Amino acid sequence: MGLDACVNCRCWQDGHARRPPFDPALLVFTGGLVDIAPEHADDGRLYAAYWEWRRDACPHVNMEHASEAIANWPDYRAFTAALARAGDFSTLTSELPRGNSGTTPAAAAATALEELAVSPSGHEPTVAALIRVFRASRETGNPVVWL
């Protein structure tokens, strides 16, 4: 187990996704995700139709511009500890999650990328995965969603 992250594409926002097989008014865009409106989330058939639609609603699988396995928890904790020891990585320190939830706004992506460029060595796979999701966030304007 470890930390994963995704950044959703803009296909729904920009009108490039195909129409869902249910009333589009049942969808909401919150926190960087196209999802079923909360008042309809308990409808199992609708939720199943939503996930079936989302899987291939656009050229991006699951409407994700980027999806990354960031690191297992021991490696991720070693990376965040190295950041804390190394100095001023204020954006990464404040925006990287402490668990499998939350989001980082797209506005933080540029600074996060600058900090990753000078982050401590010895954590290259973690840094590479983080660079990919923060680049996707910067490109789409959508937040990084931590899973």
Side-chain angles (χ1 to χ4, degrees), residues 1-84 88-117 119 123-147:
M1 295 193 90
L3 178 65
D4 297 322
C6 72
V7 175
N8 284 273
C9 67
R10 294 192 50 86
C11 292
W12 179 254
Q13 293 152 276
D14 296 341
H16 301 300
R18 71 176 170 76
R19 183 177 170 83
F22 48 83
D23 183 357
L26 300 176
L27 295 172
V28 293
F29 185 79
T30 57
L33 298 168
V34 176
D35 205 352
I36 296 292
E39 61 270 21
H40 301 286
D42 291 337
D43 183 337
R45 291 171 67 194
L46 175 62
Y47 206 68
Y50 159 76
W51 277 106
E52 182 70 24
W53 165 77
R54 185 179 159 106
R55 187 179 65 224
D56 62 359
C58 71
H60 307 98
V61 176
N62 292 327
M63 299 180 88
E64 294 174 346
H65 187 78
S67 180
E68 294 288 334
I70 302 300
N72 63 39
W73 283 110
D75 288 348
Y76 179 72
R77 295 288 182 228
F79 172 66
T80 58
L83 289 176
D88 186 25
F89 291 93
S90 58
T91 297
L92 292 174
T93 301
S94 66
E95 295 296 339
L96 290 176
R98 286 154 183 60
N100 291 86
S101 65
T103 61
T104 296
T111 306
L113 287 166
E114 290 171 7
E115 291 179 9
L116 286 166
S119 64
H123 307 279
E124 287 75 11
T126 301
V127 169
L130 288 168
I131 286 171
R132 288 189 292 272
V133 294
F134 281 117
R135 280 184 181 159
S137 180
R138 183 182 61 192
E139 291 167 9
T140 63
N142 286 335
V144 176
V145 178
W146 305 104
L147 308 163

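Computed from a predicted model, the values in this text were never measured in an experiment. As a basis for the values below, the full set of heavy atoms in this structure was taken, side chains included, without hydrogen atoms, waters or symmetry mates.
- Taking the six-membered ring for Trp and thresholds of 30 and 60 degrees, Trp53 and Trp12 have ring planes more than 60 degrees apart, a perpendicular arrangement.
- Of the inter-residue distances, the one linking Trp73 atom CH2 with Asp75 atom CG reads 11.5 Å to the nearest 0.5 angstrom.
- Closest heavy-atom contact between Arg132 and Ala66: O-CB, 4.4 Å.
- Here CZ of Phe22 is found 4.5 Å from CD1 of Ile36. Values are rounded to the nearest 0.5 Å.
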key: Criterion side chain to side chain contact (heavy atoms under 4.5 Å, CB included) on Leu26 and Asp43, from CA distance to verdict   = CA-CA 11 Å; Leu26 300 176; Asp43 183 337; over 6 Å; no

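- Within the model, atoms OG1 of Thr103 and CD of Glu95 stand 8.0 Å from one another, a figure rounded to the nearest 0.5 Å.
- In this structure, Ser119 contributes its side chain and Leu116 its backbone to a donor-acceptor pair below 3.5 Å.
- The main-chain N or O of Ala25 is found under 3.5 Å from a side-chain atom of Asp23 such that the two form a donor-acceptor pair.
- Between the Thr111 side chain and the Ala108 main chain, no donor and acceptor come within less than 3.5 Å of each other.
- Rounding to the nearest 0.5 Å gives a distance of 6.5 Å between CG of Asp88 and CD of Glu115.
- In plain terms, the two heavy atoms of Ala106 and Ser137 that are nearest each other are CA-OG, 3.2 Å.
- Rounded to the nearest 0.5 Å, atoms CD (Gln13) and CE (Met63) are 8.5 Å apart.
- Asn72 and Pro74 get closest at one heavy-atom pair: OD1-CD, 3.2 Å.
- The shortest non-hydrogen separation linking Tyr76 to Pro97 is OH-O, 2.7 Å.
- Among the candidates Val144, Ile70, Leu92, the single residue satisfying the side chain to side chain contact (heavy atoms under 4.5 Å, CB included) test with Leu130 is Ile70.
- Classification of the Tyr47-Trp51 ring pair by plane angle, with boundaries at 30° and 60°, yields perpendicular.
- Nearest heavy atoms, Arg98 versus Arg77: O-NH2, 2.8 Å.
- Counting heavy atoms from C-beta on, the side chains of Pro20 and Leu27 come closer than 4.5 Å.
- Partners of Glu52 according to the salt bridge (charged side-chain N to carboxylate O under 4.0 Å, His left out) rule, which considers only residues two or more places apart in sequence or in another chain, are Arg55.
- No side-chain heavy atom of His60 sits under 4.5 Å from any side-chain heavy atom of Val7.
- Smallest separation of non-hydrogen atoms from Cys11 and Pro59: SG-CD, 4.3 Å.
- Distance alone, capped at 3.5 Å, places no donor-acceptor pair between the Arg10 side chain and the Asn8 backbone.
- Atom CG of Leu3 is separated from atom CG of Leu147 by 8.0 Å, given to the nearest 0.5 angstrom.
- Within 6.0 Å of atom CG in Asp42, 12 or fewer heavy atoms from other residues, nucleotides or ligands are found, so the atom counts as exposed in its surroundings.
- Counting only distance, with no hydrogens or angles, the side chain of Tyr50 and the backbone of Val34 share a donor-acceptor pair below 3.5 Å.
- Under the 4.5 Å side-chain criterion, counting only non-hydrogen atoms from C-beta, His65 is not in contact with Asn142.
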